[in-house]
Amino acid sequence: MVDSRLVLALDVMDRSRAIEIAHSLRSTVFAVKINWPLILAGSGSIIGEIAKITRVICDFKVADIPNTNSLIARFARDQGAWGIISHSFTGFESIRSVVEASGDMKVFSVVAMSHPGSDLINGNYEKLMDISEKAGVYGYIAPGNKISDLASIRKKTEKIIMSPGIGSQGGKASDAVKAGADLIIVGRSIYESSDPVKAAEMINMEILKSETES
Ligand code: 3DU
């Protein structure tokens, strides 16, 4: 078991580079998050390939009718993914279908986002969390660069919170951890670095330091 709270967002468009980066970081990160760019550039089988190396979280931001959601979640599960990220704004039945189709796979519900213009979704985090809670999700996605939103979400749950928005989007891993994030998602600041392993180790150290301070 890797002793890290870091999740690598592997948004590279080249399949062999993705596999190479996943290999080099497998003992430095908790998991690798795969999003649509990598899937669209190759195929869904990349999930299974990376799942042989480390835990995989499929960031599919599932947001469709229940039947379509079930098909997507089942695919990710059958490929061996450890977790999946789903939207919840589509309502209870939709997120519930993801949970039901996921089996042992962990479902993380997006209840607030990190980008400019995300106020529409972020202003509704309480309702989204209520729906997600009822649906039986494992954890939440909340922004690591919008600390007051993250702290409000932390107050409302004891479940795992995974936070993007670190590095390239302006957030700091240590601030996000202090505000209540359990897992920190970082993409470009690691895979665009000249030394991705060192970049990831530095973030691990920053997180460790903030844990001892708080
Ligand atoms: O900005 P980065 O390169 O560290 O990548 C962040 C990743 O997290 C990326 O895959 C993006 O799609 C995802 N994400 C957010 O950035 C913000 C959210 O609110 C949810 C997911």
Side-chain angles (χ1 to χ4, degrees), residues 4-14 17-18 21-22 25 28-42 46-47 50 55-63 72 76 81-90 95 98 106-125 128-129 132 137-154 160-177 179-194 196 199-200 202-204 206-207:
S4 169
R5 293 165 67 171
L6 190 52
V7 173
L8 171 68
L10 194 50
D11 296 329
V12 299
M13 305 285 285
D14 179 301
R17 182 153 175 257
I21 295 173
L25 284 160
T28 316
V29 300
F30 173 80
V32 164
K33 184 177 82 62
I34 296 180
N35 202 336
W36 291 115
L38 180 56
I39 300 282
L40 296 173
I46 188 79
I47 300 168
I50 296 185
R55 285 186 197 86
V56 171
I57 299 169
C58 291
D59 186 359
F60 288 168
K61 298 202 182 64
V62 189
I72 295 168
W82 176 84
I84 186 166
I85 296 175
S86 177
H87 268 302
S88 48
F89 68 77
T90 41
I95 180 100
V98 177
K106 322 287 188 223
V107 179
F108 292 85
S109 167
V110 178
V111 290
M113 297 189 75
S114 61
H115 61 294
S118 57
D119 310 6
L120 185 62
I121 185 164
N122 298 8
N124 285 299
Y125 78 87
L128 298 176
M129 288 179 83
S132 305
V137 302
Y138 178 80
Y140 292 99
I141 305 294
N145 59 348
K146 297 192 176 188
I147 293 301
S148 66
D149 287 344
L150 172 57
S152 306
I153 289 162
R154 175 77 286 167
I160 301 280
I161 297 178
M162 191 156 46
S163 292
I166 308 302
S168 303
Q169 296 182 58
K172 269 182 70 73
S174 48
D175 292 343
V177 166
D182 299 292
L183 294 170
I184 298 295
I185 298 171
V186 183
R188 287 164 286 177
S189 304
I190 295 177
Y191 65 74
E192 285 180 355
S193 155
S194 56
M202 300 269 286
I203 300 167
N204 277 339
E206 183 190 330
I207 294 171

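Just follow the structure's listing: the first ligand is 1, and inside any ligand the first atom is 1. Being a predicted model, the structure only gives us computed values, none of them experimental.
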Start with the C-alpha gap between Ser4 and Asn204, add the side-chain angles, then the distance that decides, and say whether side chain to side chain donor-acceptor pair (under 3.5 Å) holds.
-> CA-CA 6 Å; Ser4 169; Asn204 277 339; 2.8 Å; yes
Tell me the residues surrounding ligand 1, counting only those with a heavy atom closer than 4.0 angstrom, sorted by chain and number.
-> Ala9, Asp11, Lys33, Asn35, Asp59, Lys61, Met113, Ser114, Pro164, Ile166, Gln169, Ile185, Val186, Gly187, Arg188
What pair of heavy atoms forms the shortest contact from Ser114 to Lys146, and how long is it?
-> O-CE, 3.5 Å
Contacts of Lys106 that satisfy salt bridge (Lys or Arg N to Asp or Glu O under 4.0 Å) - sequence neighbours left out = none
Taking all non-hydrogen atoms of both residues into account, name the closest pair between Tyr140 and Met129 and its distance.
-> OH-O, 3.4 Å
Ignoring hydrogens and geometry, is there a side-chain-to-backbone donor-acceptor pair from Ser163 to Ala142 under 3.5 Å?
-> yes
Does Arg55 make a cation-pi contact with Phe30 (under 6.0 Å, within 45 degrees of the axis)?
-> yes
